[in-house]
Amino acid sequence: MLIWAGCRRCWETSGPAAVWTEVASLFYHRSSSPGPYPPRTALDLHLHLFSRPPPRARDPVSEYLHSCRPPRSSPPAANPATSSSPPPRARSCPAAPAASRSALPLSRGLRHYTPRRPTGASRFPAPPAPLEPPPPPWPADMQVSIACTEQNLRSRSSEDRLCGPRPGPGGGNGGPVGGGHGNPPGGGGSGPKARAALVPRPPAPAGALRESTGRGTGMKYRNLGKSGLRVSCLGLGTWVTFGSQISDETAEDVLTVAYEHGVNLFDTAEVYAAGKAERMLGNILKSKGWRRSSYVITTKIFWGGQAETERGLSRKHIIEGLQGSLDRLQLGYVDIVFANRSDPNSPMEEIVRAMTYVINQGLALYWGTSRWGAAEIMEAYSMARQFNLIPPVCEQAEHHLFQREKVEMQLPELYHKIGVGSVTWSPLSCGLIISKYDGQVPDTCRATIKGYQWLKDKVQSEGGKKQQAKVLDLLPIAHQLGCTVAQLAIAWCLRSEGVSSVLLGVSSAEQLLEHLGALQVLSQLTPQTVMEIDGLLGNKPHTKK
């Protein structure tokens with residue numbers, strides 16, 4: 001009876017051929033031969049027929065499609081009272097091919113079949129319903145201020161840094177109290193509108209650098225290139241003046257006036273006055289006791305001494321020269337270290353690796369270039385990206401009314417492509433633009449200092465006299481704006497695209513205050529005024545096609 005029940009069940013599910021195949025394989029199997037089924041009794045045959053081997057594993061795609069098939073709905077029951085046709089016969093699954101019959105599974109004696117897909121149904125399941133957004137991680141009554149808005153996150157685009165003045169609390173263009181860091185609008189309000197609200201900023205007009213104004217000082221602050229370092233748009237340089245032209249008392253007065261008026265960028269170099277400029281600057285900073293985090297110190301490395309290993313941009317001199325500058329400045333680190341010029345004797349990879357090393361060691365926070373060509377800056381950037389090193393953030397270049405090609409044509413392209421900004425120096429062309437020479441060299445000017453004979457020759461040259469004549473043509477425009485020619489020239493340098501800061505070289509506190517007045521002239525430089533200045537100078541650079 002057991003054998004008959006198993007054979008009948010196998011007959012109904014797999015067909016007669018499967019029954020005879022199973023019975024023959026079991027009864028003709030030798031007891032000594034290895035195998036999973038050595039039956040001895042009818043009970044073994046019955047259990048074997050009801051416990052078939054597990055089906056073969058499907059591949060992931062077939063398993064997914066199989067699990068997504070809709071269940072087969074049972075047909076509606078016929079009403080024998082209203083229907084004249086006989087009830088439908090129970091259909092059984094068609095017999096599988098002989099090769100795959102052994103893979104048909106049996107589960108607890110019930111027939112396993114694959115339901116058919118209804119006509120017109122999709123092959124793939126419908127997408128699941130969207131889940132509800134998770135609750136915020138903060139309490140419902142907690143006020144959240146989002147500082148990084150969508151406009152602020154686009155820091156790699158050219159439009160991010162080109163932004164007009166934005167009114168903020170306390171006057172100015174959105175800067176905090178004497179700090180210069182923009183406050184997020186609507187961040188400190190109350191009520192439901194101030195909770196996790198993204199306040200869009202107004203569209204940025206082309207040509208205006210994104211800047212903020214410190215309350216009380218009027219100083220404007222910009223990003224150094226596309227880095228996060230905020231520097232004052234007017235910085236103080238120590239070339240010629242500190243350590244040679246002015247006394248220690250005058251230098252302290254100049255530095256104090258600059259700091260109190262919002263200037264936070266002070267530039268020096270190891271070669272200035274053979275290291276005396278760094279030593280004087282370090283003594284003043286130590287005596288003042290200002291917070292180290294409130295100002296930015298930059299120095300430049302190339303000429304450190306007379307020995308062959310004391311100049312250049314080798315790894316040895318970059319590390320040792322920077323350590324010597326820190327000893328003279330009496331500081332633990334500088335904010336920016338500049339390569340004072342390109343060095344054809346040092347491989348570019350060695351320079352970039354040495355700059356990365358001093359930054360990783362905490363001796364500097366950023367590094368930049370000074371008087372490098374655009375191709376050399378691009379090579380340094382490519383080398384840094386290739387070997388996962390730190391690229392330069394800015395270039396220090398000469399820029400004034402008579403030196404325009406590099407800052408106005410080459411550096412803006414580098415700024416938009418790789419984020420390298422520019423810090424310019426000599427906005428008055430070593431004093432030629434303020435018309436104090438008038439064809440002669442007074443005894444109190446820097447052109448009479450030892451080692452600056454080249455400046456005296458420049459003033460008395462034919463080109464110098466032509467430049468001074470063009471400066472006189474700018475006097476009507478300066479009078480129309482209510483400023484001096486020096487203030488007009490400095491404001492003209494600040495309006496250039498990609499310029500983060502302009503370094504000033506002054507010999508007195510009064511001269512510094514006069515030059516700081518260029519910030520008020522900057523807002524008066526309309527496109528028509530700039531075009532008029534370009535027409536008088538006649539040296540506007542053009543793109544070479």
Side-chain angles (χ1 to χ4, degrees), residues 161 165 172-173 175 178-181 208-225 229-242 251 253-268 281 284 290 294-298 335-336 338 368 370 394-401 403 407 411 421-431 433-434 478 481 483-525:
R161 196 165 178 268
N173 295 335
H181 302 277
L209 292 173
R210 188 186 70 180
E211 57 188 20
S212 59
T213 305
R215 181 188 298 180
T217 62
M219 177 58 62
K220 299 181 183 298
Y221 299 89
R222 300 173 178 175
N223 284 70
L224 182 66
L229 182 62
R230 300 283 285 179
V231 295
S232 55
C233 62
L234 292 179
L236 181 63
T238 60
W239 180 45
V240 183
T241 55
F242 278 50
D253 294 341
V254 169
L255 199 67
T256 303
V257 171
Y259 185 81
E260 292 177 351
H261 284 77
V263 176
N264 68 351
L265 177 61
F266 305 108
D267 178 77
T268 186
L281 179 60
I284 297 174
W290 296 328
S294 63
Y295 54 83
V296 177
I297 299 296
T298 68
D335 297 274
I336 311 170
F338 287 96
S370 178
C394 64
E395 158 69 10
Q396 198 172 119
E398 182 181 3
H399 183 221
H400 48 77
L401 292 172
Q403 185 75 25
V407 175
L411 294 185
S422 57
V423 175
T424 64
W425 51 277
S426 188
L428 302 180
S429 184
C430 297
I433 296 180
I434 60 178
L481 298 178
C483 63
T484 63
V485 177
Q487 293 174 342
L488 177 62
I490 296 173
W492 181 87
C493 293
L494 286 172
R495 83 40 171 140
S496 298
E497 184 182 16
V499 173
S500 301
S501 182
V502 175
L503 299 178
L504 305 175
V506 298
S507 56
S508 64
E510 293 75 17
Q511 189 180 11
L512 176 61
L513 291 175
E514 176 192 353
H515 292 177
L516 291 178
L519 296 176
Q520 285 70 34
V521 185
L522 179 60
S523 59
Q524 305 178 25
L525 285 182

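Residue numbers count from 1 along this sequence. It should be emphasised that the depicted structure is a prediction, and the values quoted were computed from it without experimental measurement.
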Going from OH on Tyr221 to OG on Ser501, what distance comes out if it is rounded to the nearest 0.5 angstrom?
-> 11.0 Å
For Tyr259, what residues pass the ring pair (Phe, Tyr, Trp, His ring centres under 6.0 Å) criterion, not counting sequence neighbours?
-> Trp290
Go through the steps to decide whether Gln511 and Leu516 satisfy the test side-chain contact (heavy atoms from CB on, under 4.5 Å), and finish with yes or no.
-> CA-CA 9 Å; Gln511 189 180 11; Leu516 291 178; over 6 Å; no
What's the shortest heavy-atom distance between [X] and [Y], and which atoms?
X	Y	result
Leu281	Ile297	CD2-CD1, 4.3 Å
Leu411	Ala397	CD1-CB, 4.3 Å
Leu504	Leu512	CD1-CD1, 4.2 Å
Val263	Met219	CG2-CE, 3.7 Å
Leu224	Ser500	CA-OG, 3.6 Å
Ile336	Gly368	CG2-N, 4.2 Å

I'd like to check the side chain to side chain contact (heavy atoms under 4.5 Å, CB included) partners of [X]; sequence neighbours left out, ordered by chain and number.
X	value
Cys493	His399, Pro427, Val502
Ala518	Gln487, Ile490, Ala491
Ser523	none
Gln403	Glu398, His400

Is there side-chain contact between Val257 and Leu513, with at least one heavy-atom pair below 4.5 Å?
-> yes
Is a donor on one side and an acceptor on the other found under 3.5 Å between the side chain of Ser496 and the backbone of Val499?
-> no
With sequence neighbours excluded, give me every ring-ring contact (aromatic ring centres under 6.0 Å, His included) pair touching residues 497-525.
-> none
For [X] and [Y], test the side chains for any donor-to-acceptor distance below 3.5 angstrom and give the result as yes or no.
X	Y	answer
Thr256	Glu260	no
Thr268	Thr238	yes
Arg230	Ser212	yes

Hits for side chain to side chain donor-acceptor pair (under 3.5 Å) against Ser422, two or more places apart or cross-chain, chain-then-number order -> none
By side chain to side chain donor-acceptor pair (under 3.5 Å), which residues pair with Thr424, not counting sequence neighbours?
-> none
Could I get the full list of salt bridge (charged side-chain N to carboxylate O under 4.0 Å, His left out) partners for Asp253, not counting sequence neighbours?
-> none
